[in-house]
Amino acid sequence: MTSIRSIKGTQDILPGQSQRWQALETTIRNIMDTYGYSEIRTPAFERTELFSRGVGTETDIVSKEMYSWTDQGGENLTLKPELTAPVVRSFIQHNLGGQSPMNKLYYIDALFRRERPQKGRYRQFHQFGIEAFGSEHPEIDAEVIALAMTVFNNIGLEGLTLKLNSIGSPECRSDYRNALRDFLKPHFSDLSETSQKRFENNPLRILDTKVPHEIEILKDAPQISDSWTAEDKTHFEEVCSFLDEMGIQYSIEPNLVRGLDYYTRTTFEITSTALGAQNAICGGGRYDGLVEMLGGKPTPGIGFAAGMERILLALGNVETNSKTTQVYIVGLGDAVRPTVVKLAEDLRHNNIRTQLDVLRRSMKAQMRDANKSSATIAVIIGDKELKSGLAEIKDLKTGDQEPVKIKGLVDHINSLTL
RNA sequence: GUGGGUGUAGCUCAACUGGUUAGAGCACCUGGUUGUGGUCCAGGAGGUUGUGGGUUCGAGUCCCAUCACUCACCCCA
């Protein structure tokens, strides 16, 4: 009989690791509170159409990475591979825009993409992120970026680079697309196969290339900034000046376009030097046309998503102090079982972290376990103590032991500093 | 989808150019006389060497296949 293993690219988060996750999640939630973002939770799966329309059929995510299936009712469904589209869908469906001109939402959630796993990349992975709907002004761009940086600084991530760019408004982008095509046309035969494909359907992505001779060609290419409208320019400059004002360092990367179709104007990415090839810890940008594209009223929006696994990876294995046991109850013999079971329950109801041996082990084994649990005190109750009505309380640090009335044990333990 | 690396106990690793019964440390369990932890000492359990073939008198070791893990390409968090 072969045992069943977890699916490739998925991982169990075992007790030692789950503490690190909880610490990270707590920090995130606290910071979201201080910035005024509220949590939104969307279903694990959606109609496939949401992603093909929202993210773009030409993107890698939609064209080859989605877990999709047809259910028994004939509907085409997909495990969510990203969260902006589902949050936008929910925003539209519940008319959140109609209830308030500004909506600031955050999430911590699991995502699914069928890629070949490697360091920092998994088939089920987790992101936290925000989506802010309602404002087209650069204040919110700066706030979104600042929030991300605050989380990373707060948890002690070092070696980060914030990369910033603006890909302009849709009008300017179509201008630029033409300019870029005109520029690349003479070099077409020198381009890689993928770049040649992108030449037709998404020429901006060619800017992202890592092929050395393409980078060389692109040196003289027109810049997106050349096609910016006056408003695009002012917008970007204001975002930069707000970041300067807050003391946030960034580097402007004219070729940062990012993979998803819905971005407009501000795009940004935060990378870490502590990771391998998958060094992006956070990515985001503005998507002023997305809400309308998915059937809502025209509403500007901006957000980011950050990879939890990558953050924890970049953070390294730092010690997290877990809540240890305070009281360990050592019970000896059949007669005491009702007493110790009740005692453990009473202590726990008094918020005292209590462990009770449930393996009916020898005293030696129980004491060893008590020591391992790093409990402050052990309460020893056997036949003798039951008869006398006095339990032995042993301080596991000093080894001192004293008898205490079983009747008043909870009060007594409550009065101790554990 | 493509390429590289690695598979020996729960974990970290040994086992010379193929040669007896595959070892150690940590962790785990039991003892060191009645009911007292850590340290120490003694003992125990735990492996079809990922799996299947092949070469050989003989394979953990060599060859082939396969699977898993891992890193990288592509792309992304």
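Just so it is clear, the structure is predicted and the values come from calculations on it, not from any experiment. A, B, ... follow the sequence lines: proteins, then strands. Residue 1 opens every chain.
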Over all strands shown, is [X] touching base, sugar-phosphate only, or nothing at heavy-atom distances under 4.0 angstrom?
X        : value
A:Ala305 : sugar-phosphate
A:Tyr328 : nothing
A:Asp383 : base
A:Leu111 : nothing
A:Gly120 : base

Polar atoms only, N or O, under 3.5 Å: list the protein pairs with nucleotides 26-28 of chain B and their distances.
{"from": "B:C28", "atom 1": "OP1", "to": "A:Lys372", "atom 2": "NZ", "distance (Å)": "3.4"}

Return the [atom1] to [atom2] distance between [X] and [Y], rounded to the nearest 0.5 Å.
X        : Y        : atom1 : atom2 : answer
A:Gln223 : A:Leu207 : CD    : CG    : 8.5 Å
A:Glu131 : A:Phe91  : CD    : CZ    : 11.0 Å
A:Ser195 : A:Asp190 : OG    : CG    : 11.0 Å
A:Thr267 : A:Ile302 : OG1   : CD1   : 9.5 Å

Original post:
Does A:Lys364 put a side-chain nitrogen or oxygen below 4.0 Å from OP1 or OP2 of B:G31?
Top reply: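 Answer no for this pair, as no side-chain N or O of A:Lys364 is under 4.0 Å from OP1 or OP2.
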Original post:
Is any side-chain nitrogen or oxygen of A:Gln118 closer than 4.0 Å to OP1 or OP2 of B:A72?
Top reply: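 For A:Gln118, the contact criterion (side-chain N or O under 4.0 Å from OP1 or OP2 of B:A72) is met.
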Measuring only the [atom1] atom in each nucleotide, how far is [N] from [M]? A whole number of Å is fine.
N     : M     : atom1 : result
B:A14 : B:G52 : P     : 25 Å
B:G50 : B:C67 : C1'   : 7 Å
B:U49 : B:A9  : P     : 10 Å
B:G23 : B:U61 : C1'   : 16 Å
B:C73 : B:U66 : C1'   : 24 Å
B:A68 : B:C63 : P     : 22 Å
B:U17 : B:C28 : P     : 36 Å

Original post:
In terms of side-chain geometry, is the basic nitrogen of A:Arg265 or A:Asp232 positioned less than 4.0 Å from the acidic oxygen of its partner?
Top reply: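 Result for this pair is yes, salt bridge flagged.
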Original post:
With a 4.5 Å limit on heavy-atom distance, are the side chains of A:Leu96 and A:Leu105 in contact?
Top reply: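 In short, these two side chains touch, coming nearer than 4.5 Å.
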**OP:** Check whether any side-chain heavy atom of A:Lys387 sits under 4.5 Å from a side-chain heavy atom of A:Lys384, and report yes or no.
**Re:**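 No, every pair of side-chain atoms sits at 4.5 Å or beyond.
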**OP:** Determine which bases of RNA chain B form Watson-Crick or G-U wobble pairs with both distances under 3.5 Å, and write the result as a 5' to 3' dot-bracket string with | for other-strand partners.
**Re:** (((((((..((((.....[...)))).(((((.......))))).....(((((..]....))))))))))))....
Original post:
Between A:Trp228 and A:Phe236, what is the ring plane arrangement, given parallel below 30°, perpendicular above 60°, and tilted in between?
Top reply: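 Answer is tilted, since the angle falls between 30° and 60°.
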Original post:
Hey, what's the ring geometry for A:Trp69 with A:Phe45, parallel, tilted or perpendicular (30° and 60° as the breaks)?
Top reply: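 A:Trp69 vs A:Phe45 ring planes: tilted.
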Subject >> 5'-most by nearest nucleotide on RNA chain B - A:Ser6 or A:Glu269 >> reply: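 Checking each residue's closest nucleotide, the 5'-ward one belongs to A:Ser6.
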Original post:
If you pin A:Ala277 and A:Arg113 to their nearest nucleotides in RNA chain B, which one's is more 5'?
Top reply: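 The residue whose closest nucleotide sits nearer the 5' end is A:Ala277.
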Please state how far atom [atom1] in [X] lies from atom [atom2] in [N], giving the value in whole angstrom units.
X        : N     : atom1 : atom2 : result
A:Leu83  : B:C76 : CG    : P     : 17 Å
A:Asp369 : B:U36 : CG    : C1'   : 14 Å
A:Gln366 : B:U30 : CD    : P     : 11 Å
A:Gln124 : B:A77 : CD    : C1'   : 14 Å
A:Lys64  : B:C76 : NZ    : C1'   : 11 Å
A:Ile4   : B:C67 : CD1   : P     : 19 Å

Original post:
Would you say the side chain of A:Arg205 and the base of B:C75 hold a donor-acceptor pair, judged only by whether the two atoms sit under 3.5 Å apart?
Top reply: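 Per atom types, no contact qualifies.
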**OP:** Kindly state each residue pair satisfying side chain to side chain donor-acceptor pair (under 3.5 Å) with at least one member in residues 139-157 of chain A, sequence neighbours excluded.
**Re:**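 Passing the test, one end in residues 139-157 of chain A: A:Tyr35-A:Thr150, A:Tyr37-A:Glu143, A:Lys104-A:Glu143, A:Asp141-A:His235, A:Asp141-A:Thr266, A:Asp141-A:Arg286.
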**OP:** Keeping to residues at least two apart or across chains, list the side chain to side chain donor-acceptor pair (under 3.5 Å) pairs with something in residues 372-381 of chain A.
**Re:**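 The answer is none; no pair qualifies.
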Original post:
Does the separation of the ring centres of A:Phe183 and A:His187 fall below 6.0 angstrom?
Top reply: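 Yes.
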Subject >> A:Arg29 atom CZ: more than 12 heavy-atom contacts under 6.0 Å >> reply: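 More than 12 heavy atoms, drawn from other residues, nucleotides or ligands, come within 6.0 Å of this atom.
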Original post:
Listed in order of residue number, which residues of residues 385-402 of chain A have a non-hydrogen atom at under 4.0 Å from RNA chain B?
Top reply: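 Of all residues in residues 385-402 of chain A, the ones placing a heavy atom under 4.0 Å from RNA chain B are A:Glu385, A:Lys394, A:Leu396, A:Lys397, A:Gly399, A:Gln401.
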Original post:
Do A:Glu392 and A:Lys394 pass the salt bridge (charged side-chain N to carboxylate O under 4.0 Å, His left out) test, and can you show the C-alpha distance, the side-chain angles, and the key distance before you say yes or no?
Top reply: CA-CA 6 Å; A:Glu392 292 292 335; A:Lys394 181 164 190 172; over 6 Å; no
**OP:** Would you name the heavy atoms of A:Leu343 and A:Val379 that are closest together and state the gap between them?
**Re:**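 Taking A:Leu343 first and A:Val379 second, the nearest heavy atoms are CD2-CG1, 4.1 Å.
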**OP:** Could you encode protein contacts along nucleotides 1-11 of chain B as a string, one character per nucleotide from 5' to 3', using B for base contact, S for sugar-phosphate-only contact and - for no contact, with a heavy-atom cut-off of under 4.0 Å?
**Re:** BB---------
